[in-house]
Amino acid sequence: MQWNKVKVILFIILSAVNLFFGGNLLWQHLYYDAQQAHLRQDIATVLQTEGMEVGALLLIPSRCSAITLMCSRDTVMEEQIANGLLYQPVREEDTDGTNRFSAKNGTMTWKSDGSVEATVSCDTTAAIPSSTYALRHRARVLLEKAGISMRAAMWTVDKESHTATMRTTIAGNQVFGRSLSVCFRENGEIFITGRWSFGTPYARTVDQEQTYEAGNAIVRFAQEGLEIHKIEAMEFGYAMEEGNAGSIQFSPAWRFTTDQGVYLVNTIKTNPKIS
């Protein structure tokens with residue numbers, strides 16, 4: 001009898017706890033929805049003065065914090081990747097810092113801003129991967145054997161062009177433009193293109209973490225005088241670009257998807273750039 005009473009009391013306590021947390025989650029969801037609706041309306045009013053409108057699916061991010069990061073160019077890793085893809089490659093270095101590798105089965109080029117392009121001749125009798133899984137798997141094996149880290153790798157696949165593209169985040173943020181695409185061709189060639197960096201990015205002592213408001217960013221973007229009629233989406237992340245003294249810089253940036261294309265806005269530089 002006593003145990004039955006204890007079970008009833010425990011059940012009541014657990015039910016109350018569940019109701020509390022469930023109600024709290026519901027309140028947070030409703031608060032977020034209301035905040036989004038209010039912010040969208042305010043932004044829509046401002047955009048109207050610039051001849052623009054807000055896309056129906058536009059989600060405006062919360063406050064975003066990030067710090068500018070640096071990464072040293074690693075020419076040793078560039079050569080290691082070339083050795084992993086090509087058969088006994090010969091290295092040539094241009095005066096502009098471009099590293100070129102050539103071999104019997106292909107070529108590879110690394111530029112100082114992290115841009116890479118390679119063509120590798122493989123078995124001409126091998127069939128092109130046809131499924132999403134096969135494309136991703138073949139591309140992953142190829143890059144991993146060459147020495148590219150697969151840590152936290154995210155993949156997208158375009159079956160029509162037989163291309164698999166890999167991306168990773170830095171400090172929890174996506175990096176716009178930092179990706180490697182592997183394209184399988186009918187003649188047995190594999191074409192690799194993209195931009196990449198090696199090592200762990202670091203912050204300079206002069207740089208401090210900054211907070212960025214999405215509402216302010218979208219209004220400033222709308223006032224750039226671009227021939228845009230609708231903003232469909234916006235995302236926060238890093239812009240990868242060439243730094244000083246052989247380094248690569250990751251600057252906080254916004255990416256806007258519009259009816260006229262995709263624009264990248266570096267928070268350090270003011271001019272939007274088509275990405």
Side-chain angles (χ1 to χ4, degrees), residues 32-71 96 111-117 156 158 165 167 169-179 181 193-197 201 203-204 206-244 247-275:
Y32 175 79
D33 287 347
Q35 190 180 42
Q36 275 284 316
H38 182 70
L39 187 56
R40 280 175 59 88
Q41 185 57 49
D42 288 346
I43 289 175
T45 301
V46 175
L47 293 188
Q48 281 182 348
T49 64
E50 303 295 334
M52 299 183 193
E53 59 180 292
V54 174
L57 300 179
L58 174 67
L59 289 178
I60 302 167
S62 305
R63 285 183 181 176
C64 301
S65 298
I67 186 171
T68 299
L69 298 172
M70 306 293 293
C71 188
D96 62 353
K111 295 186 177 180
S112 56
D113 65 351
S115 298
V116 59
E117 188 174 293
T156 55
D158 183 353
T165 300
R167 297 177 175 83
T169 59
I170 287 181
N173 290 308
Q174 60 184 323
V175 184
F176 306 122
R178 184 178 184 264
S179 64
S181 294
T193 186
R195 295 180 71 192
W196 205 249
S197 60
R204 298 171 300 186
V206 296
D207 293 319
Q208 300 293 325
E209 186 175 65
Q210 302 288 331
T211 300
Y212 302 94
E213 296 280 356
N216 295 338
I218 198 171
V219 170
R220 285 198 299 270
F221 174 69
Q223 294 173 341
E224 289 290 340
L226 302 170
E227 294 296 325
I228 293 170
H229 307 293
K230 183 185 291 187
I231 299 177
E232 304 282 3
M234 67 181 300
E235 304 165 275
F236 183 78
Y238 279 112
M240 177 179 173
E241 56 194 2
E242 187 174 1
N244 298 322
S247 65
I248 293 174
Q249 181 169 305
F250 301 97
S251 304
W254 294 97
R255 183 169 66 181
F256 293 93
T257 302
T258 76
D259 60 326
Q260 299 299 315
V262 180
Y263 290 83
L264 189 63
V265 181
N266 189 323
T267 58
I268 297 176
K269 301 175 182 178
T270 56
N271 56 317
K273 182 175 67 173
I274 297 178
S275 64

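Both backbone and side-chain heavy atoms feed into the values below; hydrogens, waters and symmetry mates do not.
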Which residues satisfy the side chain to side chain donor-acceptor pair (under 3.5 Å) test with D158, sequence neighbours excluded? S161
How would you list, by chain and number, every residue that makes a side chain to side chain donor-acceptor pair (under 3.5 Å) with S247, sequence neighbours excluded? none
Heavy-atom closest pair, residues I43 and G215: CD1-CA, 4.0 Å
Could you work out, with salt bridge (Lys or Arg N to Asp or Glu O under 4.0 Å) as the rule, every residue matching R220, not counting sequence neighbours? none
Could you list the residues that satisfy salt bridge (Lys or Arg N to Asp or Glu O under 4.0 Å) with E213, not counting sequence neighbours? R63
What's the spacing between T156 OG1 and R167 CZ if we round to 0.5 Å? 4.5 Å
How about S112 and E242: does a side-chain donor come under 3.5 Å of a side-chain acceptor? yes
Could you grab the distance from atom CG of L264 to atom CZ of F256, nearest 0.5 Å is fine? 9.5 Å
Do M240 and S197 touch side chain to side chain, with heavy atoms closer than 4.5 Å? yes
Side chains of L58 and I218: closer than 4.5 Å at any heavy-atom pair? yes
If you round to the nearest 0.5 Å, how far is CG of D113 from CD of E241? 10.0 Å
Residue list, side chain to side chain donor-acceptor pair (under 3.5 Å) with T169, at least two apart or on another chain: none
Could you list the residues that satisfy side chain to side chain contact (heavy atoms under 4.5 Å, CB included) with L69, not counting sequence neighbours? I67, I170, A171, P201, A203, Y238, F250
Restricting to side chain to side chain contact (heavy atoms under 4.5 Å, CB included), what partner residues turn up for S181, sequence neighbours left out? T163, T165, T193
Taking side chain as C-beta onward, heavy atoms only, is Y212 less than 4.5 Å from F236? yes
T258 and Q260: side-chain donor and acceptor closer than 3.5 Å? no
Would you indicate whether the side-chain heavy atoms of I228 and F221 approach each other to under 4.5 Å? yes
Find the distance between CH2 (W196) and OG (S115) and round it off to the nearest 0.5 Å. 13.0 Å
Atom pair CZ (F176) and CZ (R195), whose distance is rounded to the nearest 0.5 Å: 13.0 Å
For N244, all residues meeting side chain to side chain contact (heavy atoms under 4.5 Å, CB included), sequence neighbours excluded: none
Do any side-chain atoms of residues 45-56 form donor-acceptor pairs under 3.5 angstrom with protein atoms, and if so which ones, sequence neighbours left out?
{"residue": "T45", "atom": "OG1", "partner": "Q41", "partner atom": "O", "Å": "2.9"}
{"residue": "T49", "atom": "OG1", "partner": "V46", "partner atom": "O", "Å": "2.4"}

Residue set satisfying side chain to side chain donor-acceptor pair (under 3.5 Å) with T68, at least two apart, ordered chain then number -> none
Look at atom CD of E227 and say whether more than 12 heavy atoms of other residues, nucleotides or ligands are closer to it than 6.0 Å. no
For M234 versus P61, what's the shortest heavy-atom pair and its separation? CG-CD, 3.7 Å
